[in-house]
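Just below is one structure, and these are the notes that go with it.
The model shown is predicted, which means the values in this text are computed figures rather than measured ones.
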Amino acid sequence: RRFLRHCQLIVLCNRHLQERLTRPGQRVLILPTVPLETPSVKPRQVRGLPRLGWVGNAGNLPYLETLDGVLGELQAHHPFELIVIGPPGTQADLRTTHRYVPWDLKVDRSLGDLFDVGLMPLPDDSWTRSKCGYQIVRYQSFGLPTVASPVGIDAELIEHGVTGLLAQDEREWHDCLELLLQNPSLVNLMSSRIQSRYAERFSPESNFKRLFKALCEMVAEGRRRAKP
């Protein structure tokens with residue numbers, strides 16, 4: 001915070017960090033954390049067994065495991081495949097039938113081929129509100145609708161009912177996932193909406209344009225102040 005007091009422009013990934021780290025009146029730019037490459041994605045057509053997927057590190061696996069009861073109940077009535085992608089040598093503590101895929105770059109570049117809907121459950125605390133929602137953006141880069149907890153920036157990255165669904169508790173998680181499992185055409189529709197919006201909202205080029213504009217405004221303001 002002491003360092004940030006001297007900054008003319010502060011770039012952060014969410015408003016929670018802005019409230020915690022900056023002072024009123026400071027110039028702040030909120031930019032999403034985005035992948036450096038935007039995959040080439042074909043229109044999604046969900047056919048056959050639906051596939052739900054989660055990607056994360058070992059420290060985040062407990063977030064997914066909180067959905068075990070919901071996922072197991074759904075799986076008993078609406079068959080689907082659950083794909084869990086995480087560090088090599090780790091396993092998810094889930095009773096729900098699932099396939100664990102060790103993460104590597106090849107897997108990360110193939111998410112669109114591995115599942116149809118992304119999962120992003122989070123508890124609501126200061127740590128999770130400080131997260132930047134990268135995995136949601138990564139899902140969307142492949143045209144994958146996401147069901148997520150409305151925590152921090154995640155609630156802004158997803159347009160509820162348009163590009164994904166937000167679920168606050170177990171009942172909402174159950175209902176949101178059931179809706180998508182029963183309606184593959186809705187998954188396809190959300191996917192097409194994501195693809196039409198992604199370049200404008202989350203591409204590196206769009207981030208560069210926003211940053212360039214903010215820098216130009218900062219320089220122009222500095223020149224105005226420097227004039228006698």
Side-chain angles (χ1 to χ4, degrees), residues 13-14 31-68 71 80-94 96-122 127-128 130-149 151-154 156-159 163-166 177 180 187-188 190-208:
C13 67
N14 63 58
L31 282 182
T33 303
V34 303
L36 293 177
E37 299 176 352
T38 301
S40 177
V41 179
K42 296 179 181 179
R44 182 162 297 278
Q45 294 295 325
V46 178
R47 297 187 180 93
L49 194 66
R51 300 166 301 171
L52 307 182
W54 178 91
V55 182
N57 59 39
N60 291 337
L61 271 170
Y63 301 152
L64 174 65
E65 291 161 1
T66 62
L67 290 181
D68 195 20
L71 293 169
F80 65 85
E81 185 178 13
L82 175 62
I83 311 295
V84 179
I85 301 174
T90 304
Q91 293 295 325
D93 185 14
L94 295 170
T96 305
T97 302
H98 65 283
R99 177 160 63 98
Y100 190 91
V101 179
W103 184 93
D104 60 29
L105 282 175
K106 184 177 179 180
V107 168
D108 190 62
R109 291 169 176 162
S110 306
L111 297 185
D113 299 324
L114 291 172
F115 49 86
D116 306 302
V117 174
L119 304 177
M120 187 68 169
L122 287 176
W127 171 254
T128 56
S130 299
K131 286 177 170 286
C132 296
Y134 174 80
Q135 203 56 60
I136 290 178
V137 179
R138 186 61 173 158
Y139 292 153
Q140 292 192 2
S141 72
F142 291 94
L144 297 172
T146 303
V147 182
S149 305
V151 175
I153 193 66
D154 293 2
E156 300 177 38
L157 297 176
I158 293 174
E159 298 176 69
T163 61
L165 297 169
L166 297 169
L177 290 173
L180 297 181
V187 176
N188 296 336
M190 286 182 171
S191 178
S192 66
R193 289 169 176 165
I194 291 169
Q195 292 177 50
S196 68
R197 290 163 165 79
Y198 183 86
E200 181 181 349
R201 293 191 67 193
F202 300 126
S203 68
E205 292 80 10
S206 65
N207 263 9
F208 174 80

Between Arg201 and Ser206, is there a donor-acceptor pair closer than 3.5 Å when you use the side chain of the first and the backbone of the second?
-> no
For the atom pair CG (Leu82) and OH (Tyr100), what is the distance rounded to the nearest 0.5 Å?
-> 12.0 Å
Would you say the side chain of Pro35 lies within less than 4.5 Å of the side chain of Val137, judging by non-hydrogen atoms?
-> yes
Rounded to the nearest 0.5 Å, how far does OG1 of Thr96 lie from CG of Leu67?
-> 9.0 Å
Heavy-atom check, side chain of Leu119 versus side chain of Thr146, under 4.5 Å = no
Residues passing the ring-ring contact (aromatic ring centres under 6.0 Å, His included) test with Phe142, sequence neighbours excluded, are none
Is any side-chain heavy atom of Leu94 closer than 4.5 Å to a side-chain heavy atom of Glu65?
-> yes
Non-hydrogen side-chain atoms of Val107 and Ile85 separated by less than 4.5 Å | yes
Side chains of residues 52-60: which donor-acceptor partners sit under 3.5 Å, not counting sequence neighbours?
from  : atom 1 : to    : atom 2 : distance (Å)
Asn57 : OD1    : Gly59 : N      : 3.0
Asn57 : OD1    : Asn60 : N      : 2.9
Asn57 : OD1    : Asn60 : ND2    : 3.4

Results of salt bridge (Lys or Arg N to Asp or Glu O under 4.0 Å) for Asp68 - residues two or more places apart only | Arg95
Could you give the distance from CG (Leu177) to CG (Leu165), rounded to the nearest 0.5 Å?
-> 8.5 Å
Using ring-ring contact (aromatic ring centres under 6.0 Å, His included) as the criterion, list what pairs up with Tyr63, not counting sequence neighbours.
-> none
Straight-line distance of Asp154 CG to Ser149 OG, nearest 0.5 Å | 7.5 Å
Nearest heavy atoms of Ser191 and Pro145, plus distance in Å | N-CG, 4.0 Å
Could you tell me whether the side chain of Phe202 reaches within less than 4.5 Å of the side chain of Thr38, counting heavy atoms only?
-> no
Any side-chain heavy atom of Leu144 sitting closer than 4.5 Å to one from Val117?
-> no
Among residues two or more places apart or on two chains, list those pairs meeting side chain to side chain donor-acceptor pair (under 3.5 Å) that have a residue in residues 132-141.
-> Asp108-Arg138
Donor-acceptor pair, Asp116 side chain versus Arg51 backbone, under 3.5 Å?
-> yes
Minimum side-chain heavy-atom gap Ile158-Ile136 below 4.5 Å = yes
Between Glu159 and Arg193, is the closest basic N to carboxylate O distance under 4.0 Å?
-> no
Main-chain N/O of Lys106 paired to Ser110 side chain as donor or acceptor, under 3.5 Å | yes
One should read off an interatomic distance between Asn14 CG and Leu31 CG, to the nearest 0.5 angstrom, of 11.5 Å
Can you tell me how far CD1 of Ile194 sits from OG1 of Thr163, rounded to the nearest 0.5 angstrom?
-> 5.5 Å
Under the side-chain contact (heavy atoms from CB on, under 4.5 Å) test, which residues partner Thr97, sequence neighbours left out?
-> Gln75
